[in-house]
Amino acid sequence: MSIIVDIKKQLGSFSLRVCFEADDCILALLGASGCGKSLTLQCIAGIITPDEGCIIVNDVTLFDSVKRINLPPQKRQVGLLFQNYALFPNMTVAQNIAAGLYRRKEGQREQVQALIESFQLNGLESRYPAQLSGGQQQRTALARMLAAEPKLIMLDEPFSAMDEYLRWQLEQELVSTLERFGGTAIYVSHNRDEVHRICDRVCVLHEGTSEPVVSVAQLFETPQTLSAALLAGCKNYSRIAPSCGQQRTLALDWGCELDFAPPPGVSHIGAHSHRLVLEARAPMMHGQILRMSQSVFSVSVVLQLVHGDKPTAPSILHMELPLEQAASLTVGAVVGISVASDQLLLLR
């Protein structure tokens with residue numbers, strides 16, 4: 001099962017320009033709030049009409065501005081799970097699930113019962129949404145969505161309204177549901193940890209514009225843009241400029257020179273927290289330790305960069321050090337910091 005999306009939409013001053021493809025995988029749309037993730041899903045579902053472009057699911061054209069094709073939502077066979085689940089408040093669990101079977105009248109009772117058992121909703125058939133827990137509401141909404149036999153599943157931040165202690169169990173249930181579905185799913189989130197655990201591939205959205213689809217591993221290990229690096233959790237980055245007649249690179253925010261020419265199109269460099277190392281001899285930078293916090297296996301160290309005895313505000317670095325390396329460090333101490341050239345992220 002595949003999807004091709006290449007659309008544009010203007011809403012006031014906001015411009016959406018999204019282009020991606022996915023095939024038999026869980027694709028994450030990852031981005032900050034307001035970047036156009038939910039708007040993209042609504043365009044695919046037919047709730048909002050793009051200004052131009054095309055949307056194709058399993059070789060069926062749902063929208064094409066040139067060919068003047070725009071299938072109504074009920075004919076798109078696309079399942080969308082909203083953030084608030086959008087259950088009908090005046091319908092019971094069984095009735096909500098039956099609402100997804102509008103295409104089929106025969107055997108409806110048996111189909112509803114099979115979905116109730118599949119999603120462990122036995123005994124809740126006669127309850128209304130207000131009488132359900134968050135997890136029960138989510139399972140009911142998923143059952144209703146799958147009742148319509150969608151060709152594509154879309155999930156719009158399904159855990160945004162959940163308390164933290166509920167998320168783990170519900171996440172496992174959701175993953176099991178997606179595995180049973182077996183087709184393409186689009187998972188919208190701004191939570192990188194969810195994306196890392198659940199998804200196969202990622203499309204980053206930044207201020208309405210999509211970036212190329214990459215694997216989850218590539219996003220977290222070698223992001224290609226500053227926006228992707230920030231979403232992947234990179235806390236250390238600097239603007240760069242050419243130095244020494246284009247032969248070297250100046251890290252403007254880090255106050256140091258790097259022994260390579262600035263690559264074409266690269267505007268920033270970055271470094272993951274666990275790639276920064278303490279360096280006593282000829283370090284790249286010096287930093288004064290502001291805070292230290294210990295977890296089970298490592299210590300998180302926040303440093304203010306300094307030149308001589310002067311801070312270079314607002315340049316803050318974050319390091320993750322093994323317990324043994326951090327044992328001798330104290331808040332207020334100034335330490336040398338380096339990062340290997342092959343561990344730097346080159347970001348557009």
Side-chain angles (χ1 to χ4, degrees), residues 26-34 37-42 44-45 47 73 77-104 107-150 152-200:
I26 303 175
L27 173 70
L29 296 185
L30 180 64
S33 297
K37 304 185 300 295
S38 297
L39 178 59
T40 299
L41 296 194
Q42 291 170 359
I44 296 170
I47 299 169
Q77 289 188 277
V78 169
L80 173 56
L81 183 69
F82 293 93
Q83 292 182 25
N84 60 359
Y85 309 134
L87 295 172
F88 300 114
N90 59 336
M91 291 186 180
T92 64
V93 167
Q95 290 169 338
N96 263 285
I97 296 173
L101 293 164
Y102 61 88
R103 296 177 184 275
R104 292 168 292 160
Q108 192 175 97
R109 180 175 298 178
E110 292 77 10
Q111 291 282 342
V112 170
Q113 187 57 42
L115 286 163
I116 285 173
E117 293 177 2
S118 177
F119 283 89
Q120 302 175 25
L121 293 166
N122 306 73
L124 305 174
E125 297 92 329
S126 300
R127 292 191 185 182
Y128 291 91
Q131 299 172 310
L132 302 175
S133 69
Q136 292 164 346
Q137 289 182 27
Q138 185 189 80
R139 293 202 298 273
T140 302
L142 283 168
R144 182 182 64 182
M145 179 174 64
L146 293 179
E149 298 183 344
L152 171 73
I153 284 180
M154 301 191 296
L155 308 163
D156 192 357
E157 302 201 42
F159 303 116
S160 63
M162 290 289 172
D163 292 331
E164 191 65 35
Y165 71 93
L166 289 174
R167 290 192 179 196
W168 175 252
Q169 179 180 349
L170 295 177
E171 184 179 304
Q172 303 314 302
E173 293 174 1
L174 177 61
V175 170
S176 297
T177 299
L178 294 175
E179 288 174 347
R180 291 198 302 271
F181 174 65
T184 299
I186 299 178
Y187 188 96
V188 159
S189 181
H190 62 265
N191 186 312
R192 61 178 177 270
D193 294 328
E194 285 179 8
V195 168
H196 191 272
R197 292 190 298 265
I198 296 173
C199 301
D200 305 305

* Rounded distance [0.5 Å steps], OG in S38 versus CD in Q83 -> 5.0 Å
* Give a yes or no answer on whether the side chain of T140 reaches the backbone of Q136 with a donor-acceptor pair at less than 3.5 Å. => yes
* To do: With sequence neighbours excluded, tell me which residues meet side chain to side chain contact (heavy atoms under 4.5 Å, CB included) with Q113.
  => I116, E117, N122, E125
* Please list, chain by chain and in numerical order, all residues satisfying side chain to side chain contact (heavy atoms under 4.5 Å, CB included) with Y128, sequence neighbours excluded. => T92, Q131
* Can you check whether F159 reaches E171 side chain to side chain, under 4.5 Å on heavy atoms? -> yes
* Structure fact -> Between Q108 and A98, the two heavy atoms sitting closest are OE1-CB, 3.8 Å
* Structure fact -> In short, A32 meets K37 closest at the heavy-atom pair O-NZ, 3.1 Å
* To do: Would you indicate whether the side-chain heavy atoms of L121 and I97 approach each other to under 4.5 Å?
  => yes
* Structure fact -> In terms of heavy-atom contacts, A94 and V112 come closest through O-CG1, 3.9 Å
* Which atom pair, heavy atoms only, marks the closest approach of R180 to S118? -> NH2-OG, 3.8 Å
* Before giving the answer on side chain to side chain contact (heavy atoms under 4.5 Å, CB included), spell out for L81 and I153 the whole-Å C-alpha distance, their side-chain angles and the decisive distance to 0.1 Å. => CA-CA 8 Å; L81 183 69; I153 284 180; over 6 Å; no
* Report yes if some heavy atom in the side chain of E173 is under 4.5 Å from a heavy atom in the side chain of F119; otherwise report no. => no
* Would you give the length of the straight line joining atom OG1 of T184 to atom CG of L178, rounded to the nearest 0.5 angstrom? => 11.0 Å
* Roughly how far, to the nearest 0.5 Å, is CD1 of I198 from OG of S189? -> 7.5 Å
* Any chance you could lay out the side chain to side chain contact (heavy atoms under 4.5 Å, CB included) test for T40 and I186, step after step, and finish with the verdict? => CA-CA 10 Å; T40 299; I186 299 178; over 6 Å; no
* CG/L170 to OG/S133 distance, rounded to the nearest 0.5 angstrom? -> 7.5 Å
* Structure fact -> When every non-hydrogen atom of P129 is compared with those of L87, the smallest separation belongs to CG-CB, 3.8 Å
* To do: Kindly compute the distance separating CG (L155) from SG (C199), expressed to the nearest 0.5 Å.
  => 9.0 Å
* **Close side-chain approach of Y187 and P158, heavy atoms under 4.5 Å** => yes
* **Side chains of M145 and F181 in contact at under 4.5 Å (non-hydrogen atoms)** => no
* When rounded to the nearest 0.5 angstrom, what distance separates CZ in R197 from CH2 in W168? -> 6.5 Å
* To do: Answer yes or no: is there a donor N or O on one side and an acceptor on the other, between the side chain of Q42 and the main chain of I47, under 3.5 Å?
  => no
* Asked: If only atom types and distance count, is the side chain of N96 paired as donor or acceptor with the main-chain N or O of M91 below 3.5 Å?
  -> yes
* Asked: Side-chain contact, heavy-atom cut-off 4.5 Å: R139 with L132?
  -> no
